[in-house]
Structure formats: C-alpha cells, structure tokens
Amino acid sequence: MATETKREVGIELPPLNINLMEVTLIGDSPLIVHAWSSKAKKEMLDKQMKIAKGAKEAKDPVSDYEASMYRMSDGGYGFPSVAFKAAAVTAGTSVAGLTKIAARQAFAVLGEDADIKGAFAGSVSRVNLARIEGCLPQMREDMVRVGMGTADLRYRAEFPNWRTKILLKYNANVLSEAQILNLLNVAGFAVGVGEWRPEKDGQYGCFHVATQAELEAIEAEIAKVAA
C-alpha cells in the first residue's frame, strides 16, 4: 500500500504597499486644548487609593491654563496625533464605500514623541504629538455646567491661527494618497479636533489640507523670520 506524502502548505499573504506622506493641516477655527492636568490625575489616583481628600484648593486660572497644554520635549506646543486619525476614521462614514474598520487599518498619523509626567511618583506616559505652529496660545475663559447643573469657570489654552505638519504612513493597497487627503479634508470640516469641535456640536478645531499656494506662503513666512 502506497504511503501518502504530507505536504506543508504555507499561507501566502499579499505584500503591503506602505508609503509615507507629509501633510500640512491649516486651522479654519481656533483649536481649544484640554490635557489632563497632573492635579486632576493625582486627585483621581488618591480617590482610587483611598487617600483622604484634603481641603479644596483655591482656583488658579493661570495654572489651569498652563496645565491644559501638551508640551513637546523642547518646550513647544503639541496635540495628540491620534486625534487627527480618529477624526479621519470618523469622517470615513461620510465617504462612499469606506468603512470605519477599513479606514482605521489603512493608515497611521505620526508626530513627535513626548513624555508626560504621571500621577504616581516616577510614572511617565509617552505620547505622540503633532506640533502646533503658526501662533502662540492664549487663555480663554468659558462658563460650563458640571454635575447637577452647577456652573463653573474653565481656563484653557486656545490657538487662534494654528497649523500642524503630520506624517502619514499608509497602505496604498487600501487607500490612495488622494483618498486620504480627501478623508482629512472631510474630517477637518465635519469632525474637527479638540474641545467644542463639530463632532461635539461645536465649531472649533476645524481644519483643511494646505494647498500648494498656502505651503509656499508658509515657507516664505518662515524664511522671512529666519532672515
């Protein structure tokens, strides 16, 4: 009786077509940032660790404003790069033939790594930030409702005329360069980033992909400052 020979059949995966693309996004409305402050994280940790809560500290608008910002390792200002991907993925529901799952798996948004001090002594969180340029932040004061309709004043940073440059790493087998740029434009108009963005019934944090003319104007502005 003949012995049947066993053969191992490998799984053939289609090769990935990974490309890189640098994109400049220009703000169409002010960007409001609100990072988790060390104070807020410490209060949360103390509560979870059953540490007795002390007397409530007096409000310090300047400290609240400073704590609302994401800082780069060199002291510059940033914003979580993943927020731009999240906006684009959400915007995918407005693009015919594209699902959230396909959009989420097709690309990544890369910025610069920065370490943020944690609530527990010695802990650090590494986050990826898109550098915010074009203007300096300014303090804004907002009246908000918390808890059972209680009013409170919040002090956060706002970037009125902002822009950012992000690096996109994408699978061209799933989405083309043109499709991703269109997705970002839809995201900038319909979703936005930061506090009070369109996705959350606001009008802040809107943006668009820079045109060639806008890129040339930015380069000319940078060259003028450097001269």
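Worth knowing before you read on, the calculation uses all heavy atoms, side chains too, and leaves out hydrogens, waters and symmetry mates. This structure is a prediction, so every number in the text was calculated from the model and none was measured.
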Would you mind reporting whether I180 and M21 have side-chain heavy atoms less than 4.5 Å apart? yes
Check whether any side-chain heavy atom of K100 lies under 4.5 Å from a side-chain heavy atom of T93, and answer yes or no. yes
Test item: F189 and F207 side chains (from C-beta on) under 4.5 Å apart, heavy atoms: no
I need the L175 CG to N17 CG distance, nearest 0.5 Å. 12.0 Å
Any side-chain to backbone donor/acceptor pair from S29 onto G205? Under 3.5 Å, distance only. yes
Shortest non-hydrogen contact between A151 and M143, atoms and distance: CB-SD, 3.8 Å
For side-chain hydrogen bond (donor to acceptor under 3.5 Å, both in side chains), just list the numbers for H208 and D28, CA-CA rounded to whole Å, side-chain angles, deciding distance to a tenth of an Å, and then say yes or no. CA-CA 7 Å; H208 68 272; D28 293 320; 2.7 Å; yes
Over all heavy atoms of both residues, which pair between I26 and A210 is shortest? Give the atoms and the distance, please. CD1-CB, 3.7 Å
Check for a donor-acceptor pair, side chain of Q105 on one end and backbone N or O of A102 on the other, with a separation under 3.5 Å. no
So, E216 side chain and A213 main chain: donor-acceptor pair closer than 3.5 Å or not? no
For P160 against L136, the heavy-atom pair lying closest together: CD-O, 3.8 Å
For residues L31 and V191: do they belong to one hydrophobic cluster (side chain heavy atoms under 4.5 Å, members Ile, Leu, Val, Met, Phe, Trp, Tyr)? no
Evaluate N182 against Q179 for side chain to side chain contact (heavy atoms under 4.5 Å, CB included), listing each step before the verdict. CA-CA 5 Å; N182 178 55; Q179 286 176 310; 5.6 Å; no
Should side-chain heavy atoms under 4.5 Å link Ile, Leu, Val, Met, Phe, Trp and Tyr, which residues sit in the same cluster as I32? W196, Y204
Between F79 and V33, is any pair of side-chain heavy atoms under 4.5 Å apart? yes
So how far is it from D60 CG to E66 CD, rounded to the nearest 0.5 Å? 10.0 Å
Note: A130 and I166 closest approach over all heavy atoms is CB-CG2, 3.9 Å
Transitive ILVMFWY cluster of M44 at side-chain heavy atoms under 4.5 Å: who else is in it? W36
Are V82 and F84 linked, directly or through other ILVMFWY residues, by side chains that come within less than 4.5 angstrom of each other? no
Could you state whether L181 and V174 fall into the same hydrophobic cluster, counting links through intermediate Ile, Leu, Val, Met, Phe, Trp or Tyr residues with side-chain heavy atoms under 4.5 angstrom apart? yes
If we only count heavy atoms from C-beta on, is the E141 to L153 side-chain gap below 4.5 Å? yes
Is it the case that K85 places NZ or CZ above or below the six-membered ring of F107, under 6.0 angstrom from the centre and within 45 degrees of the axis? yes
So CG of L25 and OG1 of T164: to nearest 0.5 Å the spacing works out to 6.5 Å
Ignoring hydrogens and geometry, is there a side-chain-to-backbone donor-acceptor pair from N173 to P15 under 3.5 Å? yes
Extract all donor-acceptor atom pairs below 3.5 Å that involve side chains of residues 219-227 and protein atoms in other chains or at least two apart in sequence.
none

Less than 4.5 Å apart, any side-chain heavy atom of Y155 and any of S68? no
Does V209 share a hydrophobic cluster with Y170, counting links as ILVMFWY side-chain heavy atoms below 4.5 Å and allowing steps through other members? yes
Main chain of L110, side chain of S81: is a donor-acceptor contact present, judged purely on distance under 3.5 Å? no
Can you confirm whether L167 sits close enough to V109 that some side-chain heavy atom of one is under 4.5 Å from a side-chain heavy atom of the other? no
What donor-acceptor contacts under 3.5 angstrom involve side-chain atoms of residues 111-120, with partners at least two apart or in another chain?
residue	atom	partner	partner atom	Å
E112	OE1	R131	NH2	3.0
E112	OE2	R131	NE	3.0
D113	OD1	N128	ND2	3.0
D115	OD1	R126	NE	2.9
D115	OD1	R126	NH2	3.4
D115	OD2	R126	NH2	3.1

Heavy-atom pair with the smallest gap, counting every atom of P137 and A157: CB-CB, 4.2 Å
With sequence neighbours left out, the residues meeting ring-ring contact (aromatic ring centres under 6.0 Å, His included) with Y77 are F159
According to salt bridge (Lys or Arg N to Asp or Glu O under 4.0 Å), does anything in residues 148-163 pair up with another residue at least two apart or in another chain? List the pairs. K59-D152, R140-E158, D142-R156, D152-R154, R156-E195
Might you work through the side chain to side chain contact (heavy atoms under 4.5 Å, CB included) test for V193 and E199, ending with a clear yes or no? CA-CA 8 Å; V193 292; E199 182 186 17; over 6 Å; no
N19 side-chain N/O to A172 backbone N/O, donor-acceptor pair under 3.5 Å: no
For L183 and A103, work out which heavy atoms get closest and say how close. CD2-CB, 4.5 Å
Are more than 12 heavy atoms from other residues, nucleotides or ligands located less than 6.0 Å from atom CG of L20? yes
